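When reading the values below, keep in mind they use all heavy atoms of this one structure, side chains included, and skip hydrogens, waters and symmetry mates. We count residues from 1, following the sequence as given. This is a predicted model, so every value here is computed, not measured.
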Amino acid sequence: MTDAYQVFVAALPDVCPADRRRMVFTGDADGRCEVFTWDAVTRRVRQVTDGTGGTVHRAIDTDGYVWWFDEDAAGEGRWWFRHFDGGPRLPGLPGAPAGLPRGLGVSADGTVATAAARGERTEVAVGRRGRAPDTVLRMPRSYRLGGISADGELIALAAAADEEAAVSVVARDGRTVATLPGPGRAGAGLWCQGFSTVAGRRELLLVRELGDRYALATWTRGSGLRTHHWCAFDTEITARWYPDSREVLVRQDRHGRSLLHRVDLGSRRRTLVPTPAGTLLDAAPRALGAVDYLWTVTSRSPVLCATDGVALPPAAPAVVVPGRHTDRWTDTPWGRVHTLLSLPEPAGTAPPPAVFLVHGGPADHDRDAYDGTVHSLVASGYAVVRVNYRGSTGYGPRWRRASPAGVGHTQVEDLAAVRADLVSRGLVAGDATGLWGVSWGAYLVLLALGRRPGLWQAGVAVKPVADWAAAHRATTPALRALDIRMFGGTPDDVPERYARSSPLTYAARVTDPLLVVGATRDTKCPPGQIRTYLDALTAAGVAHEAMWLDTGHDGYDGAAHVAVLRRSLSFLRARLPDPARRAPGRPPRPAGGPRPR
């Protein structure tokens with residue numbers, strides 16, 4: 001255990017509702033993510049957890065007890081707690097089912113609810129801290145705990161946003177009180193944002209998709225689901241209640257950056273909360289209108305800020321990323337594609353080699369935010385291209401849902417269009433462009449190399465989906481449900497759709513150097529389907545490299561991240577050299593011989 005830490009994970013501290021001077025946060029401890037406390041009065045940091053693989057899920061309750069999820073190498077475990085000031089490590093709800101973490105909620109009256117995924121079902125335990133649970137609800141599908149009412153009587157469970165029962169409200173004894181948005185109303189998204197903290201008020205906050213906009217919505221047992229049409233936004237939002245009021249803090253993701261809005265549901269007043277231009281990785285409302293937020297831009301590491309001057313945990317020294325960081329918009333027949341472009345410091349007249357850093361998701365987006373991989377690439381002389389292709393969030397519902405060419409193929413079209421635009425403008429080298437992605441982003445790397453062979457000169461795919469049908473059968477229930485919604489059925493129902501979007505189908509067409517990184521304990525992008533893809537490359541005589549990690553999909557140990565970063569940079573340096581270091585007109589070659597076919 002240590003009294004110091006180095007850097008923050010990208011999340012705000014959780015604050016004790018009864019004493020704002022007490023906070024709990026995650027930070028770096030000797031290369032692992034662990035849980036720490038911060039006392040704003042004494043300005044003392046104390047490490048709470050010391051897990052072998054790191055710890056990331058944490059909370060603090062009204063009584064000042066720190067909670068965390070202790071998981072094994074497969075991601076399964078249980079919730080534990082100890083007091084802010086120290087003391088023994090105790091089980092949160094002794095005897096509660098173990099499983100994958102799906103949320104924790106603690107009400108103002110001390111009722112605790114935890115959710116764990118176990119196979120195809122979700123089990124919700126309800127009780128008092130340190131005691132065996134009073135109730136265990138067994139739900140026959142995948143849910144996330146969306147909140148618990150202030151009196152501990154109602155629990156919100158969130159499923160996929162576009163399902164008919166996107167949100168279920170249940171009583172603590174297991175009775176279903178409401179399903180939202182309701183029978184026959186599936187399709188448009190509904191996202192659960194949590195219960196009001198006002199004593200005696202069981203009001204649930206939601207975000208609802210309305211055509212090409214998103215609006216706030218609320219639910220109460222007496223009034224049902226109510227959409228606040230007057231408070232709508234053109235791009236994706238999340239929302240949180242201000243403590244003990246009917247005001248809401250809305251964080252809007254818009255074109256790779258963030259905006260904050262303060263909304264009064266009672267008076268229908270909406271005002272912009274002033275923040276610096278850039279990305280707010282997280283934002284939390286506090287009493288009397290104060291707001292804490294975590295701010296960053298591509299060129300600078302995250303900074304914790306508080307609008308009321310309360311002392312927050314000290315950050316590590318600021319990290320400044322070299323280079324020039326700009327926006328580009330590429331005009332295409334299907335709309336304008338937004339790109340965040342980072343260029344290295346000028347070293348000559350030739351355009352620099354470029355790495356397209358492909359974001360995951362698919363419902364996510366690249367932000368004007370610090371990224372250690374971007375920093376390493378730019379410092380190594382590469383341009384970094386981050387494309388918010390169709391399917392990305394931050395550009396409204398229509399862009400998020402657009403996939404006319406099919407799963408994966410639409411996104412590859414956008415990546416190719418942006419590449420052509422940047423090359424034609426002389427911003428990046430046309431004979432030295434590579435792809436690098438993780439998870440869904442790694443899937444797009446494999447698909448792009450197979451569908452557009454020769455367009456790229458190298459690829460790095462970390463924990464990819466490589467064979468959709470095999471991945472579907474071996475992955476988690478939640479991801480199987482997502483596959484069914486994306487493809488319109490299972491691999492048995494629509495095998496041709498899975499095959500058409502699967503990188504395995506095009507493995508023999510790959511001609512560019514490729515590094516594939518897999519994880520032996522990965523349940524989201526299972527190792528078996530990656531091995532099948534690697535075998536197909538070998539059978540076709542495609543030159544490639546493989547690296548294996550003894551981790552799951554989501555790792556909290558920095559050593560694994562550093563190992564992948566070093567291996568990937570070494571791989572790219574041999575294949576995408578700086579134009580200033582090679583003879584005019586001569587394209588780069590893979591190290592050790594001619595280009596693979």
### Query
Taking Gln47 for the side chain and Thr49 for the main chain, is one N or O donor matched with an acceptor at less than 3.5 Å?
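A pair under 3.5 Å: yes.
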
### Query
Is there a donor-acceptor pair under 3.5 Å between the side chain of Gln252 and the backbone N or O of Ile237?
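Not confirmed, Gln252 side chain does not pair with Ile237 backbone.
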
Side-chain donor-acceptor pair under 3.5 Å between [X] and [Y], yes or no?
{"X": "Gln193", "Y": "Thr238", "answer": "no"}
{"X": "Trp468", "Y": "Asp483", "answer": "no"}
{"X": "His553", "Y": "Thr523", "answer": "no"}
{"X": "Thr220", "Y": "Glu203", "answer": "no"}
{"X": "Thr227", "Y": "Arg208", "answer": "yes"}
{"X": "Thr490", "Y": "Asp492", "answer": "no"}

Does the pair [X]/[Y] count as a salt bridge with the N-to-O cut at 4.0 Å?
{"X": "Glu153", "Y": "Arg221", "value": "no"}
{"X": "Arg32", "Y": "Asp50", "value": "yes"}
{"X": "Arg240", "Y": "Asp282", "value": "yes"}
{"X": "Lys524", "Y": "Asp554", "value": "yes"}

### Message
For a salt bridge (Lys or Arg N to Asp or Glu O under 4.0 Å) check, start with the C-alpha distance between Asp151 and Arg172, then their side-chain angles and the critical distance, and finish with the verdict.
### Response
CA-CA 11 Å; Asp151 61 5; Arg172 62 182 297 170; over 6 Å; no

Straight-line distance of [X] [atom1] to [Y] [atom2], nearest 0.5 Å:
{"X": "His359", "Y": "Asp371", "atom1": "NE2", "atom2": "CG", "result": "12.5 Å"}
{"X": "Arg262", "Y": "Glu247", "atom1": "CZ", "atom2": "CD", "result": "4.0 Å"}
{"X": "Ser392", "Y": "Asp366", "atom1": "OG", "atom2": "CG", "result": "7.5 Å"}

### Message
Quick check: His472 with Phe487 (ring centres under 6.0 Å apart)?
### Response
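No: the rings miss the under 6.0 Å criterion.
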
### Query
Where do Asp308 and Arg286 land on the salt bridge (Lys or Arg N to Asp or Glu O under 4.0 Å) test, with the steps shown first?
CA-CA 9 Å; Asp308 62 354; Arg286 303 302 176 206; over 6 Å; no

Other residues, nucleotides and ligands only: do more than 12 of their heavy atoms fall within 6.0 Å of [atom1] on [X]?
{"X": "Arg21", "atom1": "CZ", "answer": "no"}
{"X": "Leu288", "atom1": "CG", "answer": "no"}
{"X": "Arg202", "atom1": "CZ", "answer": "yes"}
{"X": "Arg269", "atom1": "CZ", "answer": "no"}

### Task
Could you walk me through whether Leu304 and Leu12 pass side-chain contact (heavy atoms from CB on, under 4.5 Å), step by step?
CA-CA 7 Å; Leu304 276 171; Leu12 279 175; 3.2 Å; yes

### Query
Considering only heavy atoms from C-beta outward, does the side chain of Val248 approach that of Cys231 to under 4.5 Å?
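The answer is no, as the side chains (C-beta and beyond) never meet within the 4.5 Å cut-off.
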
### Task
Answer whether the closest heavy-atom distance between the side chains of Trp295 and Thr275 falls below 4.5 Å.
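With C-beta onward as the side chain, the pair stays apart.
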
### Message
Using the ring pair (Phe, Tyr, Trp, His ring centres under 6.0 Å) definition, which of the options Phe84, Trp79, Phe81 pairs with Trp67?
### Response
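Result: among Phe84, Trp79, Phe81, Phe81 is the only option passing the ring pair (Phe, Tyr, Trp, His ring centres under 6.0 Å) with Trp67.
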
### Query
Quick one: does NZ or CZ of Arg251 land under 6.0 Å from the six-membered ring centre of Tyr293, within 45 degrees of the ring axis?
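No cation-pi geometry.
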
### Message
On the six-membered ring of Trp548, is Arg531 placed so that its NZ or CZ lies under 6.0 angstrom from the centre and within 45° of the ring axis?
### Response
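The answer is yes, since Arg531 meets both limits relative to Trp548.
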
#### Entry: Residues Val126, Thr111; criterion side-chain contact (heavy atoms from CB on, under 4.5 Å); working and verdict
CA-CA 7 Å; Val126 186; Thr111 301; 3.8 Å; yes

### Task
Report the C-alpha distance between Asp550 and Arg521 in whole Å, list the side-chain angles of each, state the deciding distance to 0.1 Å, and finish with yes or no for salt bridge (Lys or Arg N to Asp or Glu O under 4.0 Å).
CA-CA 6 Å; Asp550 188 24; Arg521 302 174 188 269; 3.0 Å; yes

### Query
Arg22 and Asp85: salt bridge (Lys or Arg N to Asp or Glu O under 4.0 Å), yes or no, with the steps?
CA-CA 10 Å; Arg22 294 183 166 191; Asp85 296 324; 3.0 Å; yes

